[in-house]
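In what follows, a single structure is set out as structure tokens and then discussed.
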Amino acid sequence: MKIIKTISELKIALEEIGRDKSIGFVPTMGYLHDGHLSLINEARSQNDFTVVSIFVNPTQFAPGEDLDAYPRDFDRDSRLAAAAGTDLLFFPDPGEIYPAGASTFVEVAGEITKKLCGQSRPTHFKGVTTVVNILFNLIQPNRAYFGQKDAQQVAVIKKMVRDLHLPIQLTVCPIVREADGLAMSSRNVFLTPEERNQALVLSQSLAAAKVLHESGEGRVKTLKDQIIGQISTMPLAVIDYVDILDFETLADIETITAPALAAVAVRFGSTRLIDNIILD
Ligand code: AMP
């Protein structure tokens, strides 16, 4: 596995691969876990060459969020990425991606970036779409891999690719969970044992909503109330949002008649966790 820090080295490495080879790209912020590795495996199985980026993107963090505290361990990450079969690991410094004076952003406008995480993180998706665009431009992958764990991010990036006619095929990989159901996340490391225990209510309440929906309940308010009620039984849980929206467009719905996304964000202490399930 080649480790590359600069854009000039990246260009040389990509020229060496040659344009006839397919490139699969997995963007990450590092502190890799099995969720990330599932994306790398999928990329490897579908492409000649697999590129992984590790970049804790400053523009998707608002002032006061956990940019500085975000967990980082490059040595461990590079071992895991190499063992997973990554061919090229791109690990740029912020100044490489955002040269002095950079002031151009890519923003998906509209409701899709305003609801769910967009409510408490109004500038987040602008940072995500900007950096994903920059990375797409630099790497020019044939395919890019994202996790359903970040369901709104997937919807926003799909829209960006469609709106800008980007010649990249997106693949969305299922949520990888710990054995007890907690969705894997780099931020799980911040949870105290008690918070970690109570955080199980996210996946449990979503699974219970799916059972209720499958038993014939299609009313969004009823399903949401059940999720909120179950999460609220945990004294350390502070709900940021619980919502059920159209799966494709993230439009508001009152009853489920097409695939829907049930998504939650909950704080435990200073750690904010997200999870979701598809109600089909
Ligand atoms: P991050 O490093 O958190 O920015 O995540 C990088 C990519 O890995 C994103 O596409 C995430 O959606 C995906 N990812 C993170 N956690 C999981 C998980 N538990 N299961 C599947 N994909 C994940």
Side-chain angles (χ1 to χ4, degrees), residues 24-46 50-61 65-67 69-74 76-78 80-81 84 86 89-92 94 97 116-117 121 124-136 139 141 143-161 168-191 196 199-200 202-203 206-207 247 250 261 263-266 271-278:
F25 173 46
V26 181
T28 83
M29 298 207 299
Y31 215 71
L32 301 182
H33 52 64
D34 284 351
H36 299 113
L37 300 181
S38 73
L39 270 53
I40 299 175
N41 282 332
E42 192 69 8
R44 270 188 69 201
S45 72
Q46 295 178 353
T50 300
V51 178
V52 175
S53 64
I54 295 181
F55 183 61
V56 183
N57 173 37
T59 62
Q60 70 190 66
F61 291 80
E65 290 187 346
D66 58 350
L67 172 62
Y70 197 83
R72 294 165 169 89
D73 187 343
F74 182 72
R76 180 174 165 276
D77 282 352
S78 58
L80 288 172
T86 303
L89 185 59
F90 184 45
F91 178 53
I97 297 297
L116 303 178
C117 293
R121 307 186 76 189
H124 172 69
F125 289 109
K126 184 175 164 187
V128 170
T129 42
T130 298
V131 80
V132 168
N133 237 281
I134 292 171
L135 292 168
F136 281 179
I139 292 157
R143 302 184 185 87
Y145 297 80
F146 294 88
Q148 181 59 28
K149 159 87 191 324
D150 297 272
Q152 189 176 15
Q153 172 171 281
V154 164
V156 170
I157 290 173
K158 272 186 183 166
K159 186 158 192 328
M160 174 185 83
V161 165
I168 295 166
Q169 190 190 311
L170 300 181
T171 296
V172 183
C173 300
I175 302 176
V176 176
R177 299 179 179 279
E178 303 285 357
D180 59 8
L182 181 69
M184 288 194 182
S185 163
S186 305
R187 290 186 171 100
N188 289 350
V189 70
F190 294 132
L191 297 169
R196 166 75 181 69
L200 289 180
L202 270 70
S203 56
L206 290 167
F247 177 68
L250 302 189
L261 178 78
V264 301
V266 180
T271 310
R272 182 174 173 280
L273 300 180
I274 58 171
D275 200 350
N276 67 81
I277 204 163
I278 300 167

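Residue numbers count from 1 along this sequence. Counting starts at 1 for both ligands and their atoms, following the listed order. Computed from a predicted structure; not experimentally measured.
For the pair Pro94 and Phe55, the tightest heavy-atom approach, listed with the atom from each and the gap, is CA-CE1, 3.6 Å. Across all their heavy atoms, Ser38 and Val176 have their closest contact at OG-CG2, 3.6 Å.
At the top of the distance list for atom 1 (P) of ligand 1, counting protein heavy atoms only, stands His36 NE2, 3.6 Å.
Looking at ligand 1, you won't find any N or O of Pro27 less than 3.5 Å from one of its N or O atoms. Of the N or O atoms in Lys149, none lie within a sub-3.5 Å distance of an N or O in ligand 1. The shortest N or O to N or O distance between Phe146 and ligand 1 is not below 3.5 Å. For ligand 1, the polar-atom distance check finds an N/O of Met184 within less than 3.5 Å of one of the ligand's N/O atoms. Taking distance alone, with nitrogen or oxygen atoms compared against 3.5 Å, Met29 approaches ligand 1 more closely than that limit. Remark: ligand 1 and Asp150 share an N or O pair separated by less than 3.5 Å (distance only, no angle test).
Looking at Asn133, Ile134, Val132 one by one, the single match for side chain to side chain contact (heavy atoms under 4.5 Å, CB included) with Phe136 turns out to be Val132.
Residue contact check: Pro174 has heavy atoms under 4.0 Å from atoms 20 (N), 21 (C) of ligand 1. Which parts of ligand 1 touch Ile175 is read off a 4.0 Å heavy-atom cut-off, strictly below it: atoms 20 (N), 21 (C).
Expressed to the nearest 0.5 Å, how far OG1 of Thr50 lies from CG of Leu39 amounts to 11.0 Å.
Among residues at least two apart or in separate chains, side-chain hydrogen bond (donor to acceptor under 3.5 Å, both in side chains) pairs with a member in residues 151-161 are Lys159-Asp163.
Of the possible donor and acceptor atoms, none in the side chain of Thr86 sits under 3.5 Å from a partner among the backbone N and O of Val52.
Using a non-hydrogen distance threshold of 4.0 Å, Arg177 does not register as a contact of ligand 1.
Using a 30° and 60° split on the angle between ring planes, Phe74 and Phe91 fall in the parallel class, below 30°.
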